[in-house]
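Just so it is clear: chains get the letters A, B, ... in the order the sequence lines come, proteins before strands, and each one is counted from 1.
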Amino acid sequence: MTRLRRQFYDRPTLEVARDLLGQRLVRVLDGHRLSGLIVETEAYVGQEDLASHARFGRTPRSEIMFGPPGHAYVYFTYGMHWMLNFVTEVKGYPAAVLIRALQPMEGVEVMRRRRHHPDHILTNGPAKLAQAMNIDKGLNGCDLCAREAVLFVERAPSVPEAEVVRGPRVGLGETREPWLSKPWNFKIPKRR
DNA sequence: GGATCGATCGGCT
DNA sequence: GCCGATCGATCCG
């Protein structure tokens, strides 16, 4: 399996978010592989994006978003949840893609033990997949493209355009327009 | 299946 | 001091 290289992340964030659909997120935990296909992403683009953590400019938390592409931005929110993002675009421009949902592939037993919930809600939300894969502060800033990385993305078949659904981002509350309605959420609807 | 609400704490205008 | 890129329990229908 070939791993996505830095050039993949060093592109416009909307393209990266779109192209991450169907790719395989891998977390190496205690020597075991946990993985899942990425089925929902969301783009946060630039300092002007009032929904982005970069809206206040460079701060200790947002600093990673201003850094080079291909690194993880992991943050803590709501007093209890961790969220996984991938930094995109050129160093100095703050942007990232939030990984919102996975279709579990490898290590499902481990994920079940970590979640204590039914399989259908194992990894169908950003904080859920972080809990399932043991992603927290310790992975903030890690390089997804490093040889020794324990978190990275492997190339998988790309998703046909007909399967991609675009919509507004989730959970933005009182964020002002036009940012509230930007169709920067990308997903592959559940098959049935 | 949908609406509502509490938990819980770090970051920040 | 306020509020959040959420989750899960609970209450309803």
DNA chain C stem ranges, 3 or more consecutive Watson-Crick or G-U pairs under 3.5 angstrom: B:1-7 with C:6-12, B:9-12 with C:1-4

Kindly determine whether A/Lys182 and A/Asp49 satisfy salt bridge (charged side-chain N to carboxylate O under 4.0 Å, His left out), including the steps that lead there. CA-CA 10 Å; A/Lys182 294 279 188 189; A/Asp49 179 358; over 6 Å; no

Closest to the 5' end of DNA chain B, once A/Tyr78 and A/Lys137 are matched to their nearest nucleotides, is A/Tyr78

A/Glu89 and A/Val16: CA distance, side-chain angles, deciding distance, side-chain contact (heavy atoms from CB on, under 4.5 Å) verdict: CA-CA 9 Å; A/Glu89 309 208 31; A/Val16 177; over 6 Å; no

Output the rounded distance in Å from CE (A/Met80) to C1' (C/dC3). 13 Å

Do A/Arg24 and A/Ser35 have side-chain N/O donor and acceptor atoms under 3.5 Å apart? yes

Should A/Arg176 and A/Glu48 count as an ion pair when the cut-off is N to O under 4.0 Å? no

Bounds of contact between DNA chain B and chain A, in 5' to 3' order, using a heavy-atom cut-off under 4.0 Å: B/dA7 to B/dT13

Value in whole Å for how far the P atom of C/dA5 lies from CZ of A/Phe86: 19 Å

Counting heavy atoms not belonging to A/Arg5, are there more than 12 under 6.0 Å from its CZ? no

Round to the nearest Å and state the distance from A/Leu84 atom CG to C/dT6 atom P. 14 Å

On DNA chain C, nearest-nucleotide positions of A/Leu98 versus A/Ile121: which is more 5'? A/Leu98

A/Met83 atom CE is separated from C/dT6 atom P, nearest whole Å, by 5 Å

What does A/Phe76 touch in the nucleic acid at a heavy-atom separation under 4.0 angstrom: a base, only the sugar-phosphate, or nothing? sugar-phosphate

Please give me every residue in residues 49-68 of chain A whose heavy atoms get under 4.0 Å of an atom in DNA chain B, ordered by residue number. A/Phe56, A/Thr59, A/Pro60, A/Arg61

Do the non-hydrogen side-chain atoms of A/Ile99 and A/Phe86 ever get within less than 4.5 Å of each other? yes

Should the pair A/Arg6 and A/Tyr9 be classed as cation-pi, given the thresholds of under 6.0 Å to the six-membered ring centre and 45° from the axis? no

Electrostatic pair A/Glu15-A/Arg18, nearest N-O below 4.0 angstrom: no

Against A/Met133, only a single residue in A/Val28, A/Val26, A/Leu139, A/Leu102 fulfils side chain to side chain contact (heavy atoms under 4.5 Å, CB included); can you say which? A/Leu102

Between A/Gln131 and A/Thr77, whichever has its closest DNA chain C nucleotide further toward 5' is A/Thr77

Axial cation check for A/Tyr44 ring with A/Arg169, 6.0 Å and 45° limits: yes

Under 4.5 Å between side-chain heavy atoms, counting indirect links through other Ile/Leu/Val/Met/Phe/Trp/Tyr residues: same cluster for A/Met83 and A/Val150 or not? no

